[in-house]
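Notes follow the structure.
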Amino acid sequence: MAKTGMTTTQGLRSAIERSGYYPTLVIEAVESAVGAEPVTAFLVHQETTFDANEVRRHVTVLVLTDSRFIVSHTDEQGADDSSPVPYATTSTESVRIDRISSVVVSRVVANPETYTRGQLPREVVLTIGWGAVSRIDLEPAACGDPNCEADHGYTGSSTADDLSLRVSEAGDGPETVSQALTFAHALSEATVAAGAGA
C-alpha cells in the first residue's frame, strides 16, 4: 500500500494507520525522525513476502520535508534464537536534500506502441542514491581481438543504490503506481531546488 498527496503530519499518520502494519510503532519512529518540520510529500509502501513457510511483512515510509528526505523501514520477525517471541525492527534515516545525488524512475509500460501521454506504467521502480551505499559491477576488460589472451584488467561501473522501491499495478494497484510517481516528482524537484540554493 502506498499513500501520498496530503501534505500534513496528520495525512502521513492516517496513511500509516491505513497500512495496518504496526501503526503505533511506525508512526512513533517516523514522527520522531521528522520532528517539527512540516511534511511536504510522503509515500507509505507495504509489501508482503513469502519466506519458506512464513509470511513476512515490510513497510517503507518515505517522507520529504523542506530540508530532508527521511526513510523508515519496519520488518517483522518470527521467534528465533535471539527472541522467544515474534518481534519487529524499525529504523529511520534522515538525509539532507542536498546530499541526494540521484533519483532514478524506471517505468515498465505494456504495449508501448499504443502508449498515450499520461498513461500509467504497469510498474515503477524508484531508486534513490545519496552516497551511503554504492554498488560496483566489475567484469574483465577485453580488446577487439577474439584470439587475444592478454590480461586487460577490469572495467566496471559504480552505481549509487541506497534505496530501491518497486510498485506494480498488479501487486499494489494503479493508485499506488500513481502515488510513487507523484512522490518521485516531488523529490526530484526538491533536489533541483536544493542544488540551485547551494
Side-chain angles (χ1 to χ4, degrees), residues 1-23 26-27 30 33-34 38-51 55-66 68-76 92-93 95 97 99-130 133 135 157 159-196:
M1 169 184 277
K3 298 293 173 199
T4 189
M6 301 167 75
T7 57
T8 65
T9 301
Q10 182 57 46
L12 172 59
R13 187 179 297 124
S14 296
I16 293 170
E17 287 172 349
R18 280 192 302 275
S19 79
Y21 183 82
Y22 306 121
V26 176
I27 288 169
V30 171
V34 170
V39 173
T40 59
F42 60 85
L43 179 67
V44 178
H45 180 256
Q46 181 183 322
E47 62 182 321
T48 303
T49 57
F50 300 93
D51 182 16
V55 176
R56 296 199 179 191
R57 296 180 298 165
H58 174 89
V59 69
T60 301
V61 180
L62 309 180
V63 180
L64 185 60
T65 70
D66 288 336
R68 296 179 299 146
F69 168 65
I70 297 161
V71 182
S72 173
H73 295 287
T74 304
D75 291 287
E76 65 181 356
T92 57
E93 182 172 3
V95 181
I97 297 289
R99 293 265 332 268
I100 294 177
S101 56
S102 66
V103 178
V104 180
V105 180
S106 299
R107 303 165 191 241
V108 177
V109 176
N111 302 313
E113 68 279 359
T114 61
Y115 178 81
T116 57
R117 185 175 176 86
Q119 180 180 333
L120 281 179
R122 70 178 190 194
E123 180 179 311
V124 170
V125 179
L126 174 60
T127 305
I128 303 165
W130 57 91
V133 177
R135 182 180 70 236
S157 61
T159 308
D161 196 14
D162 296 297
L163 173 76
S164 189
L165 183 74
R166 176 187 172 271
V167 295
S168 69
E169 184 178 29
D172 303 294
E175 181 183 333
T176 300
V177 173
S178 176
Q179 292 163 351
L181 290 170
T182 299
F183 183 84
H185 180 75
L187 182 59
S188 291
E189 286 190 338
T191 59
V192 170

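- At distances below 3.5 Å, not a single donor-acceptor pair connects side-chain atoms of Arg57 with backbone N or O atoms of Glu47.
- Scored by the side chain to side chain donor-acceptor pair (under 3.5 Å) test, Tyr21 finds no partners at all (sequence neighbours excluded).
- Shown here are the side chain to side chain donor-acceptor pair (under 3.5 Å) partners of Thr74, two or more places apart in sequence or in another chain: Thr90.
- Side-chain contact between Val105 and Leu181: present, with at least one pair of heavy atoms (C-beta onward) separated by less than 4.5 Å.
- For Arg122, the side chain to side chain contact (heavy atoms under 4.5 Å, CB included) partners are Val108, Ala110, Glu169, not counting sequence neighbours.
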With a cut-off of 3.5 Å and sequence neighbours excluded, list every side-chain donor-acceptor pair involving residues 184-193.
from   : atom 1 : to     : atom 2 : distance (Å)
His185 : NE2    : Glu189 : OE2    : 3.0
Ser188 : OG     : Ala184 : O      : 3.1
Thr191 : OG1    : Ser188 : O      : 2.7

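- Listed here is the closest heavy atom pair of Ser168 and Val177: C-CG2, 3.6 Å.
- Side-chain contact between Ser178 and Leu120 is present, with heavy atoms from C-beta onward closer than 4.5 Å.
- Between Ile27 atom CD1 and Ser19 atom OG the span is 8.0 Å, to the nearest 0.5 Å.
- Side-chain contact between Leu165 and His45 is present, with heavy atoms from C-beta onward closer than 4.5 Å.
- Put simply, the side chain of Val71 does not reach to within 4.5 Å of the side chain of Val95, judged on heavy atoms.
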**Study point:** Full working for side-chain contact (heavy atoms from CB on, under 4.5 Å) between Ile128 and Asp162
**Key:** CA-CA 6 Å; Ile128 303 165; Asp162 296 297; over 6 Å; no
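- Evaluation of the side chain to side chain donor-acceptor pair (under 3.5 Å) rule for Thr65 yields Glu37 as partners, not counting sequence neighbours.
- By the side chain to side chain contact (heavy atoms under 4.5 Å, CB included) test, Val125 pairs with Ser106, Glu123, Thr127, Ser164, Arg166, sequence neighbours left out.
- In this structure, the side chains of Val104 and Leu126 stay at 4.5 Å or more apart for every pair of heavy atoms.
- Of the possible polar contacts, one joining the Arg68 side chain to the Ala33 backbone as a donor-acceptor pair under 3.5 Å is found.
- For the atom pair CD of Gln179 and CG of Leu43, the computed distance is 7.0 Å after rounding to the nearest 0.5 Å.
- Between atom CD of residue Gln46 and atom CD1 of residue Ile16 there is a gap of 11.5 Å, rounded to the nearest 0.5 Å.
- We find the CG-CG distance between Leu163 and Leu62 to be 6.0 Å, quoted to the nearest 0.5 Å.
- For the pair Leu64/Ile97, a side-chain contact is recorded, criterion being any heavy-atom separation below 4.5 Å from C-beta on.
- Side-chain atoms of Phe42 and Val61, non-hydrogen and from C-beta on, never get closer than 4.5 Å to each other.
- Proximity of Val59 to Val44: side-chain heavy atoms (C-beta onward) are separated by under 4.5 Å at one or more points.
- Using a 30° and 60° split on the angle between ring planes, Phe69 and Phe183 fall in the tilted class, from 30° to 60°.
- Asp75 places no side-chain N or O within donor-acceptor distance of the main-chain N or O of His58, the cut-off being under 3.5 Å.
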